[in-house]
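Scope of the values below: all heavy atoms of this structure, side chains included, with no hydrogens, waters or symmetry mates.
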Amino acid sequence: MITLTRDESRVLGVLIEKAQTTPAQYPLTLNALVVGSNQKNNRDPVTNFDEERVFDAVDSLRTKGLVRELMLSGSRVPKYRHVAREVLSVTTEELVILAELLLRGPQTVGELRGRASRMHPLESLESTQAVLNGLIARAEPMLRDFPPSPGSRAKRYVQLLCPELHPLDHVSQGTDSADDFSALPARAGDQAPKGLVERVDQLESEVRQLRQSVLKLALSLGEQDVASQI
């Protein structure tokens with residue numbers, strides 16, 4: 001299996017993300033890759049890569065066969081696109097989950113479904129779990145699970161393309177603690193009913209998607225004050 005460096009992981013994750021979320025602006029120029037690598041939302045940790053560092057990562061990814069350089073008609077600078085789906089032999093669902101793990105580190109199934117769905121629809125918690133199980137069951141696993149973080153009942157998943165990218169005690173940012181119901185401590189002697197963790201994860205995912213929909217609606221109506229409170 002191909003092994004990535006930290007810088008390659010960030011750049012490849014950005015290429016996958018932008019191909020799915022902003023296809024009209026894809027493939028990406030080197031400058032767009034720098035901006036995407038350093039953006040503050042949907043990234044953990046936030047980085048401050050310069051152009052040379054991103055170019056080195058792109059060049060290395062080209063050597064590994066994961067990225068191709070294009071010179072499009074009318075463009076004065078080269079652009080870059082990934083071929084990770086073909087090289088890694090993964091589905092689009094598997095690809096966006098890997099990208100999400102590369103960009104933000106270990107996450108629960110509920111977090112992955114909610115966050116990766118911005119790149120490609122993941123219809124249910126059960127279907128997302130099936131994708132995760134498939135990536136784990138490969139002859140050369142691309143991710144693995146590990147026990148829940150302290151105070152949580154949901155196990156998390158980490159990608160194996162760059163095993164040292166995020167420490168296993170890393171908690172991905174971007175989830176409001178007030179909404180993370182799975183992190184609520186259990187009372188002494190309590191045991192979660194069967195399937196409760198999965199239902200809570202799905203509820204978290206639906207809450208995030210609802211917030212995104214409300215935010216888009218508020219912005220389309222010019223309600224900046226409302227949007228800032230969501």
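Residues satisfying the side chain to side chain contact (heavy atoms under 4.5 Å, CB included) test with Val46, not counting sequence neighbours, are Lys40. Scanning for side chain to side chain contact (heavy atoms under 4.5 Å, CB included) contacts around Ala84 gives Leu12, Ile16, Leu66, His82, Leu88, Leu95, with sequence neighbours left out. Partners of Asn41 according to the side-chain hydrogen bond (donor to acceptor under 3.5 Å, both in side chains) rule, which considers only residues two or more places apart in sequence or in another chain, are Gln39. Applying the side-chain hydrogen bond (donor to acceptor under 3.5 Å, both in side chains) rule to Thr92 yields the partners Arg85; only residues at least two apart in sequence or on another chain are considered. Contacts of Asn38 classified as side-chain hydrogen bond (donor to acceptor under 3.5 Å, both in side chains), with partners at least two apart in sequence or in another chain: Thr47. Partners of Leu72 under the side chain to side chain contact (heavy atoms under 4.5 Å, CB included) rule, at least two apart in sequence or in another chain, are Pro27, Leu70, Ser75, Lys79. Remark: Arg138 engages Glu94 in a salt bridge (Lys or Arg N to Asp or Glu O under 4.0 Å) (not counting sequence neighbours). Scored by the side chain to side chain contact (heavy atoms under 4.5 Å, CB included) test, Arg144 finds Phe146, Val158, Leu160, Leu168 as partners (sequence neighbours excluded). Every residue two or more places apart in sequence or in another chain was checked for a side-chain hydrogen bond (donor to acceptor under 3.5 Å, both in side chains) with Tyr26, and none qualifies.
Note: Ser117 OG to Gln20 CD = 12.0 Å, rounded to the nearest 0.5 Å. Rounded to the nearest 0.5 angstrom, Arg10 CZ and Thr5 OG1 are separated by 12.0 Å. With rounding to the nearest 0.5 Å, the separation of CG in Leu15 from OG in Ser37 is 8.0 Å. Distance CD1/Ile97 to CZ/Arg115: 13.0 Å, rounded to 0.5 Å. Between the CD atom in Gln159 and the CZ atom in Arg104 there is a gap of 14.5 Å [rounded to 0.5 Å]. Taken from OG in Ser9 to CG in Leu165, the straight-line distance is 4.5 Å, to the nearest 0.5 Å.
Within the structure, side-chain hydrogen bond (donor to acceptor under 3.5 Å, both in side chains) contacts touching residues 56-66 (residues at least two apart or in different chains) are Glu8-Ser60, Glu8-Lys64, Arg62-Glu69. For residues 12-24, every residue pair satisfying the salt bridge (Lys or Arg N to Asp or Glu O under 4.0 Å) rule, not counting sequence neighbours, is listed here: Glu17-Arg43, Glu17-Arg118.
Using a 4.5 Å cut-off between side-chain heavy atoms of Ile, Leu, Val, Met, Phe, Trp and Tyr, with links allowed through other members, Met119 and Val131 fall into different hydrophobic clusters. Placement of Val11 and Leu98 within a single hydrophobic cluster is found when ILVMFWY residues are connected by side-chain heavy-atom separations under 4.5 Å, directly or transitively. Leu103 and Leu61 fall within the same hydrophobic cluster, defined by Ile, Leu, Val, Met, Phe, Trp and Tyr side-chain heavy atoms under 4.5 Å apart, directly or through other members. Clustering ILVMFWY residues whenever any of their side-chain heavy atoms sit less than 4.5 angstrom apart, transitively, puts Val96 in a cluster other than the one holding Val83. Taking hydrophobic clusters as Ile, Leu, Val, Met, Phe, Trp and Tyr residues chained together by side-chain heavy-atom distances below 4.5 Å, Leu135 shares a cluster with Leu4.
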Practice prompt. For Phe55 and Phe49, run side chain to side chain contact (heavy atoms under 4.5 Å, CB included): C-alpha distance rounded to whole Å, both residues' side-chain angles, the deciding distance at 0.1 Å, then the answer.
Written response: CA-CA 10 Å; Phe55 178 79; Phe49 289 179; over 6 Å; no
Worksheet item: For Met1 and Met142, what are the C-alpha separation, side-chain angles and deciding distance, and is it a side chain to side chain contact (heavy atoms under 4.5 Å, CB included)?
Response: CA-CA 8 Å; Met1 184 174 68; Met142 291 189 177; 3.7 Å; yes
Worksheet entry | Test side chain to side chain contact (heavy atoms under 4.5 Å, CB included) applied to Val77 and Leu30, step by step | CA-CA 8 Å; Val77 295; Leu30 182 60; over 6 Å; no
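Checked by atom type and distance alone, the side chain of Arg6 never pairs as donor or acceptor with a backbone atom of Cys162 at under 3.5 Å.
Salt bridge status for Asp7 with Arg53: present, with a side-chain N to carboxylate O gap under 4.0 Å.
Here the closest non-hydrogen pair linking Ala154 and Ser152 is N-OG, 3.2 Å.
Side chains of Gln129 and Tyr157: a donor on one and an acceptor on the other come within 3.5 Å.
Counting side-chain heavy-atom gaps under 4.5 Å among Ile, Leu, Val, Met, Phe, Trp and Tyr, Val35 is found in no cluster with other residues.
Within a 6.0 Å sphere centred on CD of Glu52, other residues, nucleotides and ligands contribute 12 heavy atoms or fewer.
Two residues are said to be in side-chain contact when any heavy atoms from C-beta on lie closer than 4.5 Å; Val54 and Val14 fail this criterion. A 4.5 Å side-chain heavy-atom check between Lys155 and Thr108 finds every atom pair outside the cut-off. Residues Thr3 and Leu161 are not in side-chain contact: their nearest non-hydrogen atoms beyond the backbone lie 4.5 Å or more apart.
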